[in-house]
Novice: 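Mind looking over this structure? Questions follow.
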Amino acid sequence: VIERYLEELRRLLGRGPGRARLLAEVEDHLREAARRLERGGAVRPEAERAAVASFGPPAELAAQLSGEQAATAVGWSARLLIVALAGFVPVYGFVENFSPPAPWPSAEATPAHLAWKLAAAQYLVLGAAVVGACVFVLARGYRLRPGCPLGLARGLALAVSLSAVALALGAAVGALELVERNALYRDLGVPDSLTPLEVSLVSAWVGLLGLSALAAAAWSLRRAFAALKPA
Amino acid sequence: MMEKMRPEALKGHLDALLLAVVAAGPAHGYRILEDLKRRSGGTFDLPEGTVYPALHRLERGGLLASRWTFSSGRRRRVYRITRRGRSALARQRGEWERFAGAVEAVLA
């Protein structure tokens with residue numbers, strides 16, 4: 001009876017983290033409970049059935065554990081996302097301080113192919129920051145709360161992924177804008193343009209930030225969706 | 001034996017109860033549950049499995065710590081309360097005393 005219970009719990013827990021530890025604890029608990037019932041006069045099958053019945057349905061236990069673990073994973077992903085967003089601050093500072101002023105008279109005169117890319121990059125990164133901060137606050141609130149519903153944890157994992165995709169897109173478009181802008185400056189003979197090495201380093205850095213955000217999002221999605229297989 | 005309490009009635013209090021039990025000394029899951037039942041005179045008889053996600057959650061929050069121990073050829077996860085857990089327990093005790101006092105004053 002205990003073996004069947006453990007097998008069902010193993011199946012329900014899927015590849016979720018802490019699975020081996022929980023199964024070992026549950027097995028120890030059930031065997032101890034059954035042993036005590038046997039000492040009280042029950043026969044083994046009856047003792048095992050009673051121990052399992054007192055423990056509660058495996059689906060309930062698996063769902064409870066998975067929801068809370070997924071909320072914790074999403075909280076960590078959101079934290080990593082915020083760290084990646086913070087990585088854009090030195091990029092902004094570098095470009096502001098070392099890139100020469102635009103050779104056109106006003107911001108409105110910026111060539112269209114650069115203007116839309118700059119605006120898109122700024123809005124995407126800003127959007128990622130807003131969504132990421134909201135997810136972080138919500139996940140932190142639920143991390144230690146009993147019984148965070150798995151559906152909510154999954155919703156937060158999707159939100160953090162959306163934010164990471166926005167950040168990665170923003171990083172890619174921003175890097176492209178910088179490359180094109182600098183190439184144009186050099187064609188126009190603007191003095192003190194960034195060197196190709198500087199542009200490459202900045203592009204590599206923002207690329208790394210975007211990839212880190214995507215990796216964090218993939219991790220939280222895996223935790224939230226692979227944690228509990230359908231019964 | 002006192003009448004058993006519905007598990008839902010324990011919601012919101014389970015963490016504090018578990019911290020209080022573990023504060024008395026390191027213990028494994030089964031022992032924690034037994035102590036909880038004994039100390040409540042059998043009133044708190046919740047589905048036993050619900051204790052483990054709560055213990056794991058308290059550990060993730062740094063309120064409990066745990067390690068494997070080997071005794072009589074058996075491997076068991078033993079939980080102990082951390083300094084942060086003791087502070088949280090003291091805070092929750094204070095909150096409970098204020099709450100219980102207020103309810104008592106209204107119901108009396």
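Treat the numbers as computed from the prediction; the structure is a model and nothing was measured. In what follows, every chain begins at residue 1, and chains take the letters A, B, ... in the order their sequences are listed.
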Novice: Looking only at non-hydrogen atoms, find the nearest pair between A:Leu61 and B:Gly49 and report the distance.
Specialist: CD1-O, 3.0 Å
Novice: Kindly list each side-chain donor-acceptor pair under 3.5 angstrom involving residues 86-96 of chain B, sequence neighbours excluded, with atom names and distances?
Specialist:
residue, atom, partner, partner atom, Å
B:Ser87, OG, B:Arg83, O, 3.2

Novice: Would you be so kind as to tabulate the donor-acceptor pairs closer than 3.5 Å made by side chains of residues 27-34 of chain A, with sequence neighbours excluded?
Specialist:
residue, atom, partner, partner atom, Å
A:Glu27, OE2, A:Arg31, NE, 3.0
A:Glu27, OE2, A:Arg31, NH2, 3.2
A:Asp28, OD1, B:Arg74, NH2, 2.9
A:Asp28, OD1, B:Arg76, NE, 3.3
A:Asp28, OD2, B:Arg76, NE, 2.8
A:His29, ND1, B:Tyr52, OH, 2.6
A:His29, NE2, B:Glu48, OE1, 2.7
A:Arg31, NH2, A:Glu3, OE2, 2.8
A:Glu32, OE1, B:Arg74, NH1, 3.0
A:Glu32, OE1, B:Arg74, NH2, 2.8
A:Glu32, OE1, B:Arg76, NH2, 2.7
A:Glu32, OE2, A:Arg36, NE, 2.9
A:Glu32, OE2, A:Arg36, NH2, 3.2

Novice: Looking at A:Trp219, I'd like to know if its CH2 atom is crowded, meaning that more than 12 non-hydrogen atoms belonging to other residues, nucleotides or ligands lie closer than 6.0 Å.
Specialist: yes
Novice: Take atom CZ of A:Arg21 as the centre, draw a 6.0 Å sphere, and report whether it contains more than 12 heavy atoms from other residues, nucleotides or ligands.
Specialist: yes
Novice: Where do B:Pro47 and A:Gly56 come nearest, in terms of heavy atoms and distance?
Specialist: CB-CA, 4.5 Å
Novice: Mind checking which of residues 21-35 of chain B sit less than 4.5 Å from chain A, heavy atom to heavy atom?
Specialist: B:Gly29, B:Tyr30, B:Leu33, B:Glu34
Novice: Among all residues two or more places apart in sequence or in another chain, which pass the side-chain hydrogen bond (donor to acceptor under 3.5 Å, both in side chains) test with A:Gln122?
Specialist: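 A:Gln122 satisfies side-chain hydrogen bond (donor to acceptor under 3.5 Å, both in side chains) with no other residue.
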Novice: Working note: A:Glu25 + B:Arg75, criterion side-chain contact (heavy atoms from CB on, under 4.5 Å); need CA distance, chi angles, decisive distance, verdict.
Specialist: CA-CA 9 Å; A:Glu25 286 185 286; B:Arg75 195 169 74 125; over 6 Å; no
